Structure formats: C-alpha cells, structure tokens
Amino acid sequence: MFITSVSVQPCTSNFRKFIVSLFILVSLFSLFWIYFFFLNPLRPKNIIVMIGDGMGPQQISLAMQYAKQAPGSAIQDATLNLERLMQEGELGLMGTYIHQNLVTDSAGSATQLATGAWTRAEMVGLDHEGNRRETVLEKAKRHGKAVGFVTNTRMTHATPAGFYAHQRHRSLENEIALDLLELKPDVAFAGGLRHFLPKNLDMGNEKIPLMLVSKRKDDRNLIQEFRNAGYDILYSRQALETFSASHHAKVLGFFDVSNLPYVIDTRVYQQDSNFPYPSLKEMSLKALEVLSKNKHGFVLMIEGGLIDYAGHYNDTGMMLHELLAFDEAIGGVMDWISGRRDTLLIVTADHETGGFGLSYSKNNVPPPKALSGDAMKNAWYAPKFNFGNPEVLDRIFKQKKSFEKILEEFEALAKMEQKPQALQKLTNENCEFKISLEDAQNILKTEPNTFFIKDHEYLGDPEMPKIHDFKEFYVYGFENRCNLMGRAMAKEQQVVWGTGTHTSTLVPIMSYGPSKISKKFSGYIHSTKVGQTLLDLID
Ligand code: MG
Ligand code: ZN
C-alpha cells in the first residue's frame with residue numbers, strides 16, 4: 001500500500017508535468033509554424049510583378065504631384081496607390097543597365113527581370129551570349145503554378161516577350177507568338193492580334209469583332225491552334241466581363257490588332273457600356289480571378305506599356321493619363337491582396353523614358369506679392385524665377401487627344417489641306433497649351449537625314465523632321481514630329497524633356513507582401529538580382 005501510494009504520486013505529477021511541457025512545446029511549435037509559414041512565409045504562394053514601362057522617378061513625381069497639387073485633382077483623397085504602396089510596403093531603387101551597355105531597352109530589361117541573367121539590348125529571353133534562359137513564368141509553370149500576363153501593348157511586345165519568349169530580336173513578333181503557344185499560359189490579355197492570324201486571313205467560323213489584319217508571313221492560324229489546345233479566346237471588354245473562370249479555364253484576350261488605344265484618346269467613351277476596350281485594371285482583376293483557381297498559386301506580370309510611348313513622344317498629357325491608368329490597376333491589385341499573407345507584389349519600371357521633369361524657368365516670372373508673415377512686413381515676396389503654378393497640372397490633365405492622334409488626323413486631311421494653319425487649329429482644339437503658327441511650321445519642317453542607314457526601320461528615310469537640339473536622341477523618324485509638338489508646349493507646361501529615347505536613371509521598386517520576402521527588394525538592387533530573387537522564390 002505504502003509503496004504503491006509513494007510510487008503513484010510522483011508518477012502522476014511527472015505525467016502532469018510531461019503533459020504541460022508537451023502542451024507548451026506543441027503550442028510554441030504551432031506559433032512558430034504559424035508565424036513563419038503563414039504570417040511570414042519564406043516563399044509566397046503568388047507573385048505579381050507590375051511594370052510601368054518608362055515609369056522613372058520623374059514620371060511618378062508627375063502623377064503624385066497631379067494627385068496632390070492640382071487644384072482640380074481627380075484623385076480620391078489626393079493619394080495615388082503608388083503612394084499607398086510606398087507607405088505600406090518596401091521601397092528600393094533599381095539599376096536597369098544591361099551587359100556592356102549604359103542604357104537598356106524594354107526587351108533587355110524585361111529579360112533581366114524575368115530570367116536574372118545579364119543580356120543585351122533588343123534580345124528577349126536570352127543571356128548576353130544568346131543562350132536561352134528560363135523565365136519566372138516558365139519556372140512557375142514547371143512547379144505547377146498558374147502563369148499569365150496582362151499588357152496594354154501587343155501580346156508579343158518586348159516587355160511580355162521577355163517573360164516567355166526566346167528570340168534574338170524583339171522585332172521577331174511572329175516567332176514570339178509561337179513561343180507563347182509553347183508556354184501555354186493560363187491567361188494572357190493584351191492587344192496584338194495581327195501576329196496570330198494567318199496571312200490569308202481565312203478564319204473559318206471564328207467571329208472576330210476587330211479589323212482583320214495579319215503580319216504573319218505564313219498561313220498558320222494561331223487562334224485555331226490555341227482553341228485546339230483548349231483555350232477560350234475573348235475579343236472585347238464585354239466578353240471579358242462575362243467570362244467566368246472554371247478550374248480548367250485557359251484564356252487569351254486580344255482586345256486590338258496592335259496596341260490598345262491610349263487612355264487619353266478614348267477616355268470620354270470609357271464609361272459607355274459598348275466601349276470595347278477593357279482597362280488595365282479590368283484585365284488585371286480578371287487575370288487574378290482565373291489564376292487564383294490554381295491551388296499551388298500563380299505568377300502574373302502586368303504591364304502599363306504605354307507610359308513609355310508617351311515618354312518617347314514627349315507627350316506629357318498622354319503620359320499623365322497612362323500613369324493614372326497604371327496606378328488604378330495597382331489599386332485593384334492591392335485591394336485583391338489586402339488581407340492575404342501569401343502574395344508578393346512588386347511594382348517597378350524597366351527604365352525611364354524621355355528624360356522628363358517639371359522644371360523652373362525664366363518664362364512668366366510672377367510679379368512680387370505681399371505675404372502675411374512677420375518677416376515680410378514692409379517687403380515683397382519676389383522670387384527671381386517661375387517655380388511653376390500647380391494649375392498647370394490641371395491643364396496638362398485636360399488635354400483631349402495624344403499628339404500622335406492629332407498628327408494622324410492632320411495626315412488624314414487632303415494633301416492640299418495639310419498646312420501649318422490646319423495643324424495649329426487641330427492642336428489648339430485639343431490642348432490647353434496653345435501653339436503659334438510658327439510652332440506649327442517648325443513641327444512640319446524637315447531636313448536631310450544625316451543618320452541615313454539603308455533599309456533601317458527608322459533611319460531609312462532620306463528626310464527627317466527638323467529637330468533643333470540633341471537630334472541624335474530623336475531616333476524614330478516622322479514620329480518625332482510629336483516631340484516637336486511637345487517642345488512647343490513645354491515652356492508653358494513647366495516641363496523639360498531630354499531625349500526621345502530612354503535614360504539609365506535608377507527606377508523605384510516597391511514591394512508589398514510578407515515582410516521577410518518584400519525586404520529582399522529594398523535598398524539598391526539591380527534588375528538581374530530582382531530576376532534571380534524571383535526565380536529563387538519559386539519552389
Ligand atoms: Mg513594354
Ligand atoms: Zn521605350
């Protein structure tokens with residue numbers, strides 16, 4: 001009895017201790033597990049990379065200053081989603097230069113971001129020696145994730161191509177289209193139908209509510225080939241809206257023949273229910289709906305691709321509207337992510353375009369004025385220069401058409417009507433910043449092309465628009481008349497442009513998501529390192 005009771009008592013208390021210790025251990029282990037793998041995982045289930053093509057720091061400043069400083073700012077709470085992202089996520093600066101060159105193009109930059117490999121200008125999905133390199137989309141697919149992309153440029157344009165194609169030159173868009181068939185993404189929404197239609201345009205029963213144009217040199221009907229591979233194909237905003245993703249859905253959306261229209265040229269129609277072009281935000285949200293059906297997660301690239309076009313054309317009004325559309329898409333994506341702890345969002349640019357900036361000048365120096373401060377008694381506030389009136393931002397926003405569209409309408413006039421007066425009239429009807437007859441004459445002036453290269457896509461014309469300074473940096477032939485329009489308005493817009501191409505300035509990179517992961521993209525980082533880190537995050 002005695003022995004038993006003595007031996008039983010400590011045994012019970014030991015057992016209790018054991019149970020308590022086990023409970024504590026299991027709880028600690030669970031907390032640890034919850035913290036590391038749920039609240040702060042080492043790898044995200046989903047990755048979303050958003051690229052504002054040509055969206056350098058000065059472009060972001062324009063959009064933010066419009067939001068905050070324009071007296072008529074159309075932005076809710078004067079706060080852009082880019083600002084929310086900078087506040088709530090991590091902020092870094094990214095170097096974009098490529099192998100043995102100072103400045104990148106979009107193909108080189110996309111390739112470095114998507115593969116982590118150093119590459120050369122105008123190459124897609126190849127390293128600097130021309131070897132095929134696996135992209136984040138390809139790796140994610142290999143690991144069972146869903147993959148896709150959204151862009152308002154062509155399906156086969158340089159930025160998306162860098163994420164799935166492997167070609168020695170970005171201009172090989174017909175071959176790039178075949179690479180898309182190879183990748184078989186779960187979703188891709190873009191323009192660029194012309195590289196998917198057979199040369200003979202024989203589309204059988206396929207109903208396509210777009211102009212039928214083909215750039216293919218063969219009779220391959222890639223739309224039919226995608227259909228045979230189980231794809232749904234959409235051609236309008238209405239079809240996108242009503243498309244409902246099933247578990248096995250694979251879907252492509254072609255919403256135009258080439259790039260989608262610029263926001264500035266269509267914004268008065270966008271609320272119309274018949275408007276056929278989806279916004280970047282609408283495409284992005286539908287892509288998320290499709291991709292999130294995959295239980296292993298997804299990788300999605302979203303490009304605001306036309307900011308770059310506005311930069312190339314030195315068209316500030318167009319650029320502001322493209323930036324705001326990109327920001328709206330960022331907002332949609334952030335709302336989708338909010339409350340989740342399994343998704344990494346990266347927002348960055350591939351390079352800056354245009355050498356753009358708001359700048360102070362000696363034009364319209366304001367008159368002295370009285371201020372109420374105690375140090376201002378008996379004196380005027382008299383700045384020596386014009387530091388820029390924020391009302392300029394409202395006037396930039398009010399521009400009705402892109403310079404490209406205005407010049408297109410000018411070119412559509414009968415030859416004998418294509419006079420400087422007509423250009424002046426068309427421009428001044430659509431822009432708050434009026435040009436003079438002399439400005440219009442200058443925009444239409446040409447000179448012999450001293451950079452002539454036979455059969456060159458852009459330098460093959462014997463005549464070129466007459467550019468007055470830095471003419472070496474205005475490389476796009478007659479498109480550069482847009483730049484002359486931009487120059488004519490610049491002094492009133494309080495704007496300067498340094499080039500018609502790209503600059504190598506560091507671009508912001510913002511990351512949002514589980515902090516252990518998003519921190520990897522803060523501080524200084526080069527685009528190749530971003531690519532390597534993204535690849536490492538897929539396992
Ligand atoms: Mg692009
Ligand atoms: Zn560009």
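Owing to the predicted nature of the structure, the values given are computational and were not obtained by experimental measurement. Both counts, for ligands and for their atoms, begin at 1 and track the order of listing.
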### Query
Quick one: are L193 and V213 in side-chain contact, heavy atoms under 4.5 Å?
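Of all side-chain heavy-atom pairs linking V213 with L193, none is under 4.5 Å.
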### Task
Check the surroundings of atom CZ in F451: do more than 12 heavy atoms from other residues, nucleotides or ligands lie under 6.0 Å from it?
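Counting other residues, nucleotides and ligands, CZ of F451 exceeds 12 neighbours.
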### Query
List-wise, which protein N, O or S atoms are found short of 2.8 Å from the Mg ion (ligand 1)?
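D53 OD2, T159 OG1, E303 OE2, with waters left out.
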#### Entry: Protein N/O/S atoms closer than 2.8 Å to the Zn ion (ligand 2)
D308 OD1, D308 OD2, H312 NE2, H502 NE2
Show me the donor-acceptor pairs, under 3.5 Å and distance only, between side chains in residues 303-313 and residues at least two apart or in other chains.
from, atom 1, to, atom 2, distance (Å)
E303, OE1, T151, OG1, 2.7
E303, OE1, T153, OG1, 3.4
E303, OE2, T159, OG1, 2.8
D308, OD1, H312, NE2, 3.2
D308, OD1, T353, OG1, 2.6
D308, OD1, H502, NE2, 3.2
D308, OD2, H312, NE2, 3.2
Y309, OH, H157, NE2, 2.9
Y309, OH, N259, ND2, 3.0
H312, ND1, G500, O, 2.8
H312, NE2, H502, NE2, 3.1

### D327/K281 ion pair, N-O < 4.0 Å
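Salt bridge absent between D327 and K281.
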### Task
Mind running side-chain hydrogen bond (donor to acceptor under 3.5 Å, both in side chains) on T343 and N46 for me, showing each step along the way?
CA-CA 5 Å; T343 302; N46 311 314; 3.0 Å; yes
### Message
I'd like to know if the side chain of Q112 and the backbone of Y97 have a donor-acceptor N/O pair within less than 3.5 Å.
### Response
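Checking the backbone N and O of Y97 against the side chain of Q112, a donor-acceptor pair under 3.5 Å is found.
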### Query
Who pairs with K398 by side-chain contact (heavy atoms from CB on, under 4.5 Å), at least two apart in sequence or on another chain?
E432
## Note on the structure
Exactly one candidate in R133, R120, R168 meets salt bridge (charged side-chain N to carboxylate O under 4.0 Å, His left out) with D127; the answer is R133
### Query
Relative to Y269, does R237 satisfy both conditions: NZ or CZ under 6.0 angstrom from the six-membered ring centre, and within 45 degrees of the ring's axis?
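No, cation not above the ring by the 6.0 Å, 45° rule.
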